[in-house]
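Accompanying notes for the structure given below.
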Amino acid sequence: MTMIFGVPLPALMGQLLVGLINGSFYALLSLGLAVIFGLLRVINFAHGAFYMLGAFAAWMLLAYAGIGYWGALVLAPLIVGVAGMAIERLMLRRLYGLDHLYGLLFTFGLALLLEGTFRHFFGTSGQPYAAPEALRGATNLGFMVLPNYRGWVVAASLVICLGTWAVIEKTSIGAYLRAATENATLVQAFGVNVPVLLTVTYGFGCALAGIAGVLAAPVFQVSPLMGSNLIIVVFAVVVIGGMGSILGAIVTGYMLGIVEGLCKVFYPEAANIVVFVIMAIVLLLRPAGLFGKDS
Amino acid sequence: MAGTDPVSAAAPRGAGKAAQLQVRNLEAWYGESHALHGVDLDVFAGETVTLLGRNGVGKTTTLRAIMGLIRKRRGEVEFEQRSIMRLPLHRVARTGLGFVPEERGIFASLSVEENLMLPPVVAKGGMSVEEIYGIFPNLLERRTSPGTRLSGGEQQMLAIARILRTGVRMILLDEPTEGLAPVIVERIGEMLKVLKSHGLSVLLVEQNFRFAARIADHFYVMDHGRMIDSFSVADLPARTEALNTALGV
């Protein structure tokens, strides 16, 4: 059997894949956080709850309406996005003039409320959600066996992340977003309806979390606490990448997933804390993050 | 009061027509600090009007309060006979009023061309991108580089050019020559004449009195958040000495 640094190749590849899967979720979630923070200056602590909401929306669509995975992949992010827009419009908007801490406290409270509500109705044990028919089974790549659904998760998240990046960097809507991130007042003085832009942006960031939730449903179980388990790492990813940097959030997400996976192979004891160790080092050497601009 | 000059009531401006921009008793606050104490001014269609005054007398504040960038304000601002005091900020530009801030507001994360295309077109009659590139060939040359890589003078031209695209009928222009070399100031002056030939009205805040004297039709002098004088370009020679004292030149 082929060995690399004393580790069998299939084991190494297996952990790399696990890392890449986790990295896909990190990237999708930290991308949404970065977009929201960039424009609204809100640290969206409810992001994990929206991810959970996406997974539960998929599960409920199947359980109560008979709508399967592919339908849920479109509908669940829409539901989460609309919920996010309603919350921005009705509540979050009132906090913009205040200290950023209020936005953080509000979204933290919102996360507790959402998770508590779902725990009340569904408990903490988690509901199973099957992968769609077309993506069951596995493909033998020669050096490893790749479960089809996991390959799909990595591919889908890459496409979504790169698509989002392209929309923000290459289109005129993205130009509004970038300009408003720099100076929202001036963009509004040019005649752009910035309040609507803020609502849509928050909804879009939440919808990205919702997509991640649907993608995650067949991989992990659908449980009320699935978001809070993940979100702490995601915040570390955002800090490492640099608050508000779009590309930074994506690249750092995948990178740290892979680092975590490799750590499980070579030094499993450290796998759970390696992200936070990297965060501490980055904060010491580059406080603005790897891709952040000093301000 | 429409059509008469609020301070001097001398030579009739605007040939008896109502002013395009009419500001009456405008007050504004920065937090608790009372910055404007009842400003009156008129800009008639096609005019270039300059606000003169020392640093900190409220010239920039006047522009920002007219535009609605300062929300804590009182009084009346009418643009083309329509009150704009209660409009949300993004609706003000849509009435045909453009704003070029003192710091120019060129976006670093946008290319030169994206900066140029950013302000939405609010009315017909704006310049086309081709026309703009015709007047400013260096913007065309550098259209893919980040907006803030341009020199200060180029940034100022970009800041004005992008408003020309939108079809606004009046521009509020805050200190366009600040910190620029004399050659560039010359070019900005030529540019303002182009605006004028297109029929745009300009309300200009300017420290550079000699620059303002060459392009303005009418002047207001501010002090301590109030208008203290108003005169047309024809009266300028007679006022020069008094102005030098008032402006501390």
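Letters A, B, ... mirror the listed sequences (proteins, then strands); counts begin at 1. Note that this is a predicted model, so its numbers are computed, not measured.
Contact record, S109(B) with R178(A): O-NH1, 2.7 Å, taken as the closest heavy-atom pair.
To the nearest 0.5 angstrom, M117(B) atom CE is 9.0 Å from Y176(A) atom OH. For the atom pair NZ (K170(A)) and CD (E114(B)), the distance works out to 8.0 Å, reported to the nearest 0.5 Å. Here the CD-CG distance, from E182(A) to L110(B), works out to 7.0 Å after rounding to the nearest 0.5 Å. Atom CG of L186(A) is separated from atom CD1 of I106(B) by 9.0 Å, given to the nearest 0.5 angstrom.
Contacts between T185(A) and chain B at a heavy-atom distance below 4.5 Å involve backbone atoms as well as side-chain atoms. Heavy atoms of P120(B) lying under 4.5 Å from chain A belong to its backbone as well as its side chain.
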**Request:** Applying side chain to side chain contact (heavy atoms under 4.5 Å, CB included), run through N193(A) and H90(B) and close with a yes or a no.
**Result:** CA-CA 6 Å; N193(A) 194 335; H90(B) 55 269; 3.3 Å; yes

**Request:** Check the pair T166(B), F190(A) against side chain to side chain contact (heavy atoms under 4.5 Å, CB included), reporting the backbone distance first and the verdict last.
**Result:** CA-CA 9 Å; T166(B) 64; F190(A) 285 159; over 6 Å; no

**Residues F107(B), V187(A); criterion side chain to side chain contact (heavy atoms under 4.5 Å, CB included); working and verdict** = CA-CA 10 Å; F107(B) 297 98; V187(A) 172; 3.7 Å; yes

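Within a 6.0 Å radius of CZ in R94(B), more than 12 heavy atoms belonging to other residues, nucleotides or ligands are found. Under a cut-off of 6.0 angstrom, the local environment of OH in Y96(A) is crowded, with over 12 non-hydrogen atoms contributed by other residues, nucleotides or ligands. Crowding of R41(A) atom CZ: a count of heavy atoms from other residues, nucleotides or ligands under 6.0 Å exceeding 12. Heavy-atom contacts from other residues, nucleotides or ligands closer than 6.0 Å to CZ of R89(A) number 12 or fewer. Atom CD1 of I173(A) sits in a sparse spot, with 12 or fewer heavy atoms from other residues, nucleotides or ligands closer than 6.0 Å. Shown here is R71(B), whose CZ atom has more than 12 heavy atoms of other residues, nucleotides or ligands within 6.0 Å. Enclosure of atom OH in Y102(A) is not indicated, since only 12 or fewer non-hydrogen atoms of other residues, nucleotides or ligands lie within 6.0 angstrom.
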